[in-house]
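Working notes, beginning with the structure itself.
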Amino acid sequence: MAASAGAAAGSTAPAPDASVPAPAAPADADSGAAAGERPFRLIAVTSCPTGIAHTYMAAESLENAGREAGVEVFVETQGSAGFTRLDPAVIAGADGVIFAHDVSVRDKDRFAGKPTVDVGVKAGINRPAELIAEVREKAARGEVSAPAAAGGTPVDRAGDSTEGYGTKLRKWLMSGVSYMVPFVAAGGLLIALGFAIGGWQVNKAPSVMDHFIWTQTDSWGALLFQIGGVAFKFLVPVLAGYIAYGMADRPGLVPGFVGGAIALDINAGFLGGLVAGLIAGGVVMAIQKVNIPTPLRGIMPVVVIPLISSAIVGFLMLVVVGKPIATAQKGLTDWLNSLTGANAVLLGALLGLMMCFDLGGPVNKVAYTFATAGIAVSDPSDSAMKIMAAVMAAGMVPPLAMALATTVRGRLFTRTERENGKAAWVLGASFISEGAIPFAAADPLRVIPSAMVGGALTGALSMVFGSTLRAPHGGVFVVPLIGNPLLYLVAVAAGVCATTALVILLKGMRKQAPGSAATDPAGAAGSPTGAKQPVAA
């Protein structure tokens, strides 16, 4: 059997991704257990930077692979809507653990002392059977993870001790981004709705505390705009605070937020928030390594660490690094505002390539974060809004193209892929690039390059058409908030058609073995060939 923490404990957080294929039938018996012996029991934790699609896709993929292998799998999805902890009895009775995550696992100490496999969330989606086999091999050898050392620094407890600092840095940064994204979405959509209701001069309106008329749409537009502006003021402090949190746990929050607020005050912006978070986390980690007398340890997290770390971070941001970062931020902003003609088109194409390269992975997140940082002010520049529009348009292309391809040439795809294609219509329209992951995992050499071509075309056309966007998310549901909306949809359609044509062409050129699931009109997922398709939830 396989069960998620939400199912076992009544979690209300749904898995938002509907592109998960139907589970395969369970194996007749556990291949590694004698008759009458209980099946191997496995627990897993999945998490991704945004805590939306990849988190739940990895959970479903592991559960499906567990059914096929006759393994009991219980998954704790640490998503953006919160998470329900696995029952301690379930953890105690487990024979092994899989961590499939791109941000630090919360309360990781609960799982210490068991055979453990620690990988990125995409590995949980693309090769769950291998991970299950690996953890079973470790269990057979009696290899277990060491419990966290008493008094160890949070970074020592945050991940695999074999991880390099490059991997840890990525996780720290993604921790900050994952907490920042909801503020971006809420603030951006509120500001965009404020402009849609109150007009383009709504940013000049007086405070609604002093001037609000219930019957005037202008007042309601100003209200939404001003609430969104307040939400946006949290972006840089939250980014810095949770980068520091990812490095040093809760003691990093205070200096991180202080450093982020200073970055906002000195106009160091997004870059200043990144640097402030890293400095705050590093300072706290250094303080935690100092040998403190036992009587003073009780006041360290409440008084000493916040006081000393905030003073150090504040000094460094205000006196040492703040001004150079603010100058660099201004230079970047001026450069973006100066982009015209071919340069703007090339930037749009590059961002489109990045959005479609790994479908919600680190490269995709870099492009998306770059775009949202540009509009994370109450009055973004025209260039920043064009970049945001190009990024969202390109991110919609891969799932929509896969949906179209499975509709017009279904015989090239398995039954499972055709079912995923139906869900991809909604995912693509909602700007959830991860809807194309099942197709990319099954056939990366054909799907990913095709998606990149379509994404680059859409990004470039969006720039050519001068479409603008103040909202950081929403897909077709925020089309009324887009500048030049008809041409914007033309750009999306052009990229979708290009990717669809390339995927169909490349898949049509491959030689199919007799009886292949892709050539079988029924596309039986249970056929021997179909069973070999990668599990891509």
Side-chain angles (χ1 to χ4, degrees), residues 2 4-5 40-51 54-66 69 71-79 83 85-86 90-149 152-175 177-178 245-249 358 360-362 365 441 535 537:
S4 67
F40 189 86
R41 289 175 181 169
L42 178 68
I43 52 179
V45 178
T46 61
S47 65
C48 64
T50 53
H54 284 80
T55 297
Y56 300 100
M57 293 165 73
E60 292 290 342
S61 189
L62 288 166
E63 289 173 350
N64 292 342
V71 173
E72 291 185 345
V73 180
F74 299 88
V75 185
E76 179 175 291
T77 51
Q78 297 188 353
F83 70 101
R85 289 169 174 78
L86 286 169
V90 172
I91 297 175
D95 301 308
V97 181
I98 292 176
F99 295 129
H101 63 117
D102 282 340
V103 294
S104 296
V105 174
R106 286 170 268 188
D107 300 331
K108 194 173 184 178
D109 293 349
R110 294 174 292 156
F111 309 100
K114 295 183 180 295
T116 302
V117 172
D118 194 328
V119 295
V121 69
K122 277 200 170 182
I125 297 172
N126 296 337
R127 49 186 187 92
E130 294 178 22
L131 302 182
I132 292 174
E134 185 178 346
V135 78
R136 296 183 73 171
E137 290 173 3
K138 288 190 174 184
R141 296 195 301 265
E143 181 179 330
V144 299
S145 64
T153 63
V155 73
D156 294 331
R157 295 184 277 111
D160 189 341
S161 59
T162 61
E163 287 180 348
Y165 272 94
T167 301
K168 290 179 180 178
L169 177 62
R170 180 174 64 85
K171 288 186 177 181
W172 296 335
L173 296 178
M174 288 298 101
S175 175
V177 170
S178 68
Y245 172 78
M247 297 174 67
D249 215 326
D358 55 359
K365 287 295 183 292
V535 178

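These numbers come from the heavy atoms of this one structure, side chains and all, not from hydrogens, waters or symmetry mates.
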Sort out for me which residue in D118, L42, V75 forms a side chain to side chain contact (heavy atoms under 4.5 Å, CB included) with I98. L42

Could you go through the side chain to side chain contact (heavy atoms under 4.5 Å, CB included) check for I43 and V45 one step at a time? CA-CA 7 Å; I43 52 179; V45 178; over 6 Å; no

Does the side chain of K114 reach to within under 4.5 Å of the side chain of I91, using non-hydrogen atoms? yes

Can you confirm whether L131 sits close enough to V119 that some side-chain heavy atom of one is under 4.5 Å from a side-chain heavy atom of the other?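 With C-beta onward as the side chain, the pair touches.
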
Looking at [atom1] of [X] and [atom2] of [Y], how far apart are the two atoms once the value is rounded to the nearest 0.5 Å?
{"X": "F74", "Y": "E63", "atom1": "CZ", "atom2": "CD", "answer": "10.0 Å"}
{"X": "Q78", "Y": "D107", "atom1": "CD", "atom2": "CG", "answer": "7.5 Å"}
{"X": "K122", "Y": "H101", "atom1": "NZ", "atom2": "NE2", "answer": "16.0 Å"}
{"X": "E60", "Y": "T46", "atom1": "CD", "atom2": "OG1", "answer": "9.5 Å"}
{"X": "M247", "Y": "L169", "atom1": "CE", "atom2": "CG", "answer": "8.0 Å"}
{"X": "T116", "Y": "F99", "atom1": "OG1", "atom2": "CZ", "answer": "5.5 Å"}

Heavy atoms only: give me the nearest [X]-[Y] pair and the separation to one decimal.
{"X": "I132", "Y": "G66", "result": "CD1-N, 3.6 Å"}
{"X": "S61", "Y": "I125", "result": "OG-O, 3.0 Å"}
{"X": "T77", "Y": "T55", "result": "CB-CG2, 3.9 Å"}
{"X": "A65", "Y": "A129", "result": "CB-N, 4.0 Å"}
{"X": "A44", "Y": "L62", "result": "CB-CD1, 3.9 Å"}
{"X": "G124", "Y": "P128", "result": "O-CB, 3.7 Å"}

Is there a side chain to side chain contact (heavy atoms under 4.5 Å, CB included) between E134 and E130 once you walk through the steps? CA-CA 6 Å; E134 185 178 346; E130 294 178 22; over 6 Å; no

For residues 121-140, which residue pairs qualify under ring pair (Phe, Tyr, Trp, His ring centres under 6.0 Å), counting only residues two or more places apart or in two chains?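 Sorted result for residues 121-140: empty, none.
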
Tell me the ring pair (Phe, Tyr, Trp, His ring centres under 6.0 Å) pairs involving residues 115-136, sequence neighbours left out?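 For residues 115-136: none.
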
Does the Lys NZ or Arg CZ of R136 fall within the cation-pi geometry relative to F40 - under 6.0 Å from the ring centre and within 45° of the axis?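 Geometry flag: set, cation within 6.0 Å and 45°.
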
Which of R110, R106, R85 passes side chain to side chain donor-acceptor pair (under 3.5 Å) with E76? It is R110

